[in-house]
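In the text below, chain A, chain B and the rest are named by the order of the sequence lines, each starting its count at 1.
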Amino acid sequence: MKVYDIPKDFKIKEIVRNSSQVVTLIFEGTLNSIPGQFVMLWLPEVDEKPISISLDDPEKNEIHLSIADIGPVTHKFCEEMKVGDSLGMRGPYGTSFSLSGEAARSSESVTTSSDPVQQSHAVQDSEQAGMTLQHVAMIGGGCGCAPMRYLAYEARKKGVEVDYYIGVRTKDLVMFEEEMTSIGCNVFVSTDDGTHGEKGFITQQLEKNLAAKKVDKIYTCGPEMMMKVVADIAQKNEIPAEISMERYMKCGFGICGQCCLDDSGLRLCKEGPVITGERALQSKEFGNYHRDKMGIKHSF
Amino acid sequence: MNLSTTFLGQKFPNPIVLASGILGVTAAGMTNVIKNGCGAVTAKSLAVKPRPGHPNPTVISNEHYMINAVGLSGEGLENAEAEFAKYKKNCPKNPLIASVISMKMEGFEAVTKRVNQTKADLIEVNISCPNVEDEFGRSFAALPETAYEATKIVKANSELPVIIKISPNVTSIVEIAKAVEEGGADAVNMGNTLGPGMVIDTHFKKPVLANKMGGVSGPAIKPITVKNVWQISQSTNLPIIATGGILTGNDAVEMFLAGASLVGIGSGVYYRGIEIFQKVNDEIQEYMEKENVGEIKDLIGFAHQ
């Protein structure tokens with residue numbers, strides 16, 4: 001796989017609005033990425049941000065990046081780009097979700113094999129090796145629905161049954177509902193205020209559905225407090241989970257040390273962003289705190 | 001064959017030091033580097049107070065070089081103290097070098113005194129970062145007078161041995177190294193990134209780094225490091241940490257032969273993964289076996305004989 005570590009320009013061929021907050025920029029080209037990976041998206045003279053890939057289709061020659069308008073830079077991505085404009089991309093970076101029953105793929109070992117985290121990871125790998133996935137659940141919170149979308153397309157291509165959960169605050173923020181239904185996913189929606197789908201947290205629907213029928217694997221991306229609940233539910237139900245964690249990133253290729261997790265030192269840009277639920281739960285940071293661009297800790 | 005070595009009174013299990021600015025933000029990040037075979041770590045360059053640094057892109061790379069302008073972001077020594085203590089608890093046998101910066105000459109006193117209160121074993125003074133410059137674009141390492149002055153202030157206030165990290169971007173490295181020695185330095189780190197340089201994207205027709213220019217590191221700069229280490233070794237009595245372009249055990253040996261006692265590895269993590277530390281150790285060991293060298297110190301400066 002070709003990885004760009006100096007930005008390469010990609011031209012926008014189409015812009016699609018997915019919700020009142022999220023816009024998908026469709027670029028000409030392909031990165032030959034795997035669901036769960038991300039790019040560093042560069043707006044010259046402004047900034048560069050890590051964005052997860054929401055579809056990468058070599059046949060159509062399209063890269064989709066679904067971006068939430070939540071800050072000054074993402075606002076420019078969402079509101080100021082026009083068809084025909086170009087942006088720079090580095091990547092694709094990081095680990096990916098696994099649809100074959102193994103744990104998240106990692107390009108490098110984090111620690112030596114004497115490390116308990118590593119050992120448990122390996123044990124989980126071997127237990128799941130060779131297992132065929134038939135039915136999986138994907139839980140997206142807000143813009144976390146974007147990498148779940150890419151994964152859902154891949155899962156459906158392999159004939160895997162997909163429960164696709166969308167959790168947002170209110171009706172205007174619901175995204176991909178019709179599209180995911182159209183590719184054959186079972187779609188569940190929750191809004192905090194009950195304006196669309198069920199009222200409450202999406203994790204409540206997940207828990208209710210799992211009580212009726214278990215799935216082979218759970219994937220999640222979204223706000224960390226939501227993912228913590230998902231990881232706990234997965235553990236309680238003894239279902240393997242894969243979590244896409246996010247921390248402030250600079251280099252994207254594992255050298256700056258900005259996104260290392262406590263206490264393993266796992267680099268989320270390199271051995272993440274996709275890690276097993278088990279490994280996430282072992283990190284004392286998960287659901288508790290994160291560091292800003294200076295390295296100062298903040299609680300969730 | 002023995003890879004352990006002594007430097008400024010500290011025992012190092014092997015001669016590889018994590019260079020400042022690479023994976024040195026947290027105790028967990030630095031501990032992971034030690035687990036992967038590194039001998040000692042240098043934390044990220046810090047001031048007393050937090051600094052935000054530059055927007056992204058801050059680091060980009062290709063097969064020949066890496067270029068960065070992170071802008072000395074950091075949590076400040078006041079916040080890093082707890083990370084230092086945690087690292088030393090995790091890795092008591094692997095020295096911790098605190099790297100400090102000051103934007104102004106008079107700030108070196110306060111930053112040095114703050115390091116005295118931490119668990120660091122050695123202090124490295126980054127007088128050479130190309131991202132901190134005076135109105136004429138010079139770092140303190142650019143002139144013998146300012147290099148001397150900064151060294152003298154740190155030495156007068158430090159309870160720890162003092163390493164001065166100097167810059168390859170000077171007309172005469174000998175002049176700078178002698179000034180630093182005269183200022184009382186216990187050792188030098190040779191050195192910081194080269195340049196600064198610049199990368200312009202030909203499609204957008206704009207510089208790629210947000211700071212426009214940045215320090216150049218990686219394999220391309222190694223011959224410059226070798227030459228600088230050689231000249232410092234020849235003209236001063238300062239022990240040397242060689243940093244700049246070291247990717248392999250053979251690169252490390254080259255630095256020892258030129259006169260270095262330790263080698264710093266930074267950008268190499270990009271080129272060979274985090275396993276680089278163990279790989280370089282293994283390669284040095286292989287060399288020593290092949291050449292029948294008992295200890296690292298037998299190699300130091302050998303090319304001058």
Structural part of [X] lying under 4.5 Å from a heavy atom of chain A:
X	result
K44(B)	neither
S61(B)	both
F204(B)	side chain
M66(B)	side chain

- request: With side-chain contact (heavy atoms from CB on, under 4.5 Å) as the test, would you mind laying out the steps for V23(A) and I15(A) before giving the verdict?
  value: CA-CA 7 Å; V23(A) 162; I15(A) 299 173; 3.5 Å; yes

Against chain B, label [X] side chain, backbone, both or neither, depending on which of its atoms sit under 4.5 Å from a heavy atom there.
X	result
P44(A)	side chain
V46(A)	backbone
K284(A)	side chain
K297(A)	side chain

Give the member of [options] that has the highest number of heavy-atom pairs under 4.5 Å with chain B.
options	result
D263(A), V73(A), I255(A)	I255(A)
R291(A), K293(A), Q258(A)	R291(A)
C260(A), S86(A), C251(A), P7(A)	S86(A)

- prompt: Out of K119(B), R114(B), K86(B), which residue meets the salt bridge (charged side-chain N to carboxylate O under 4.0 Å, His left out) rule with E81(B)?
  reply: R114(B)

Which value, rounded to the nearest 0.5 Å, describes the distance between [X] atom [atom1] and [Y] atom [atom2]?
X	Y	atom1	atom2	result
M294(A)	Y248(A)	CE	OH	10.0 Å
L87(A)	M81(A)	CG	CE	5.0 Å
Q278(B)	K35(B)	CD	NZ	14.5 Å

statement: From the list G74(B), G29(B), P55(B), S73(B), the residue making the most non-hydrogen contacts under 4.5 Å with chain A is G74(B)

message: Quick check on the interface: out of G37(B), P52(B), A210(B), who has the most heavy-atom pairs with chain A under 4.5 Å?
response: P52(B)

query: Considering residues, nucleotides and ligands other than K279(B), do more than 12 of their heavy atoms fall under 6.0 Å from its NZ?
result: yes

message: What I'd like to find out is whether the side chain of F286(A) reaches to under 4.5 Å of the side chain of L261(A), using heavy atoms alone.
response: no

message: Testing V48(B), I123(B), N126(B) one by one against V100(B) for a side chain to side chain contact (heavy atoms under 4.5 Å, CB included), which residue passes?
response: I123(B)

query: R267(A) side chain to G254(A) main-chain N or O, any donor-acceptor pair under 3.5 Å?
result: yes

